[in-house]
Chemist: 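Mind having a look at this structure? Questions to follow.
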Amino acid sequence: MAKKIDGYIKLQVPAGAANPSPPIGPALGQRGVNIMEFCKAFNAKTQEMEKGMPIPTTITVFSDKSFTFEIATPPASFYLKKAAKIQKGSTAPGTSVAGSVSMAQCREIAEAKFKDLNANDLDQATKIIAGSARSMGLEVTE
Amino acid sequence: MTQFWRVTTHADFALLGNIVEHLDDVAPESMTSWSLFDEGDIARLDLIFDIEPDLADVRRFANIPDSMDLTCEKMPDEDWVRLSLAGLKPVEGGRFTLFGAHDRDAVAEGQIGIEIEAGPAFGTGHHGTTRGCLIAFSEMLDAGASPKTVLDLGCGTAVLAIAAAKTLPDADILASDIDPEAVTESAENCRKNGTPGIECFVAEGLDHGRLAGRKFELIFANILARALMELAPDIANALEPGGKVILSGLLTEQEAMVREVYEAAGLTVHRQPPLENWETLVAVRD
């Protein structure tokens, strides 16, 4: 018989560097998930990635407190900040510009994130990334 | 200690499922996680923030209608690691049983008990890596092995060094870790288990004065695949002829690449039965 799913936890975890400090500890601990077991399994799975890269992670928790987890590509904002060489987006998008990215960079990001984007082709995915860039206060250049 | 705030709402599971579907696109960076759990007749959604959130803002971005309850509270200042591990049952690995203080009476007759309290160091035995090492070590002891020099490299809680100390009373045992917090915890665990002779210290791999030029008959290396691969030449070099290293912390899909590196370093590698997708290898220097 399949185990009963109790719920889901979603958070961003640094690749290869999960540890029990916040936010992982509070997010998993409040639900009785074995924090150290998650950290070891997550670090084993992500150790080939760029260390510290934020990885959106969905943990499925079963009724016996055992768990599985799935990882996705880093958020578009992570790639965009890296491409624009900035620490954070604009606090007032639309009014102030935090930096700029080119459409070619948006396309590269779209390629990296394609499997997690709700897009039929790369052109559509690139437009989604360009939209994310603008909403962060980045100028998108041709 | 970072302070966290928890915003909670309750509704039907499917309704909350719709809310979380779009959360990642709209939530501010201060929202560090969400969790959605079934609680019988109703489901509960928690959103955790690292700054105090404005509930009106939360309703707006998460699209939570006014008809649904929404509360915000400061999260208690808990030791989450200990809390999450406190209820776990004792774990058996070969001759050894790992238990927390609350389970001191749970060690079966004939088993060697090791008391490991839940803490931030790796190695409470609740996944296949530590257990795989303890089983491989037990099999070595069953076969009559009696190494005189033992190193627990990347010792975490020092559980493996303690297992060695409890079964090899004449052995010279060292335990090292790159993490000072783990070493502090190791020393405390050694004291608690009546094995104070284990020398615990902070070291990055084998690059440490106390390890320079030393040879070991047994090395435990329960780390991660990449680190094991990087350390392969140093580990092979630190083994006595006929010495063994028990390698763990690698997933089934990483087994072949780790094995190849250790074979290339001149060791003969044996694979133990995998435990929940975790592999343990025993490599022998000829």
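All values below were derived from every heavy atom in this structure, side-chain atoms included, with hydrogens, water molecules and symmetry-related copies excluded. A, B, ... follow the sequence lines: proteins, then strands. Residue 1 opens every chain.
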Chemist: Just wondering, are more than 12 heavy atoms of other shown residues or ligands nearer than 6.0 Å to CG in Asp41(B)?
Modeler: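 It does not: Asp41(B) CG has 12 such atoms or fewer within range.
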Chemist: Looking at Glu73(B), I'd like to know if its CD atom is crowded, meaning that more than 12 non-hydrogen atoms belonging to other residues, nucleotides or ligands lie closer than 6.0 Å.
Modeler: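 Yes.
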Chemist: Is atom CG of Asp123(A) surrounded by more than 12 heavy atoms (other residues, nucleotides or ligands) closer than 6.0 Å?
Modeler: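 Yes - once you tally the heavy atoms of other residues, nucleotides and ligands closer than 6.0 Å, there are more than 12.
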Chemist: Surrounding NZ of Lys192(B) (heavy atoms of other residues, nucleotides or ligands, distance under 6.0 Å), is the total greater than 12?
Modeler: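 More than 12 within 6.0 Å, yes.
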Chemist: Could you tell me which portion of Asn277(B) (side chain, backbone, both or neither) has an atom closer than 4.5 angstrom to a non-hydrogen atom of chain A?
Modeler: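 Neither; nothing under 4.5 Å.
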Chemist: I'd like to verify something: which residue of Asp6(A), Ile59(A), Leu11(A), Thr58(A) has the highest number of heavy-atom pairs under 4.5 Å with chain B?
Modeler: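 Heavy-atom pair counts peak at Asp6(A).
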Chemist: Between Arg6(B), Arg44(B), Glu29(B), who has the most heavy-atom pairs with chain A when the cutoff is under 4.5 Å?
Modeler: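 With the most close heavy-atom pairs to chain A, the winner is Arg6(B).
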Chemist: Tell me, side chain or backbone of Leu23(B) under 4.5 Å from chain A's heavy atoms, or both, or neither?
Modeler: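 No part of Leu23(B) comes within 4.5 Å of chain A.
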Chemist: Identify whether the distance between the nearest side-chain nitrogen and carboxylate oxygen of Glu21(B) and Lys10(A) falls below 4.0 Å.
Modeler: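 Not counted as a salt bridge, because no side-chain N and carboxylate O are separated by less than 4.0 Å.
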Chemist: List the atom of Ala44(A), the atom of Trp278(B), and the distance in Å for their closest heavy-atom pair.
Modeler: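 What the structure gives for the nearest pair is CB-CH2, 3.7 Å.
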Chemist: Count the heavy atoms belonging to other residues, nucleotides or ligands that lie under 6.0 Å from NZ of Lys115(A), then report whether that count exceeds 12.
Modeler: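 Correct, the count exceeds 12.
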Chemist: For Gln47(A), is it the side chain, the backbone, both or neither that has a heavy atom under 4.5 Å from a heavy atom of chain B?
Modeler: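 Both backbone and side chain.
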Chemist: Do Tyr8(A) and Ser35(B) touch side chain to side chain, with heavy atoms closer than 4.5 Å?
Modeler: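 They are not in contact (no side-chain heavy atoms under 4.5 Å apart), so the answer is no.
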Chemist: Which distance, rounded to the nearest 0.5 Å, do you find between the NZ of Lys45(A) and the CD of Gln254(B)?
Modeler: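 Between atom NZ of Lys45(A) and atom CD of Gln254(B) there are 10.5 Å.
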Chemist: Quick one: closest heavy-atom pair of Met75(B) and Pro26(A), and the distance?
Modeler: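 For Met75(B) versus Pro26(A), the nearest heavy atoms are CE-CB, 4.0 Å.
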Chemist: Tell me the closest heavy-atom pair linking Ala27(A) and Ile48(B), and the distance in Å.
Modeler: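 That closest heavy-atom pairing would be CA-CD1, 4.1 Å.
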Chemist: For side-chain contact (heavy atoms from CB on, under 4.5 Å), just list the numbers for Phe37(B) and Val61(A), CA-CA rounded to whole Å, side-chain angles, deciding distance to a tenth of an Å, and then say yes or no.
Modeler: CA-CA 9 Å; Phe37(B) 276 76; Val61(A) 183; 3.7 Å; yes
Chemist: Drop me the distance from Asp46(B)'s CG to Gln30(A)'s CD, to the nearest 0.5 angstrom.
Modeler: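 Rounded to the nearest 0.5 Å, the CG-CD separation comes to 5.0 Å.
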Chemist: Does the distance from a Lys or Arg side-chain N to an Asp or Glu carboxylate O, for Arg31(A) and Glu39(B), drop under 4.0 Å?
Modeler: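 A salt bridge is present here (some side-chain N lies under 4.0 Å from a carboxylate O).
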Chemist: Mind running side-chain contact (heavy atoms from CB on, under 4.5 Å) on Arg226(B) and Asn43(A) for me, showing each step along the way?
Modeler: CA-CA 10 Å; Arg226(B) 180 191 281 264; Asn43(A) 290 341; over 6 Å; no
Chemist: Relative to chain B, which segment of Ala41(A) carries a heavy atom at a distance below 4.5 Å: side chain, backbone, both, or neither?
Modeler: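 Interface part for Ala41(A): both.
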Chemist: Does the pair Asp38(B) and Lys4(A) meet the rule for a side-chain contact (heavy atoms from CB on, under 4.5 Å), with working shown?
Modeler: CA-CA 10 Å; Asp38(B) 188 5; Lys4(A) 184 180 173 298; 3.7 Å; yes
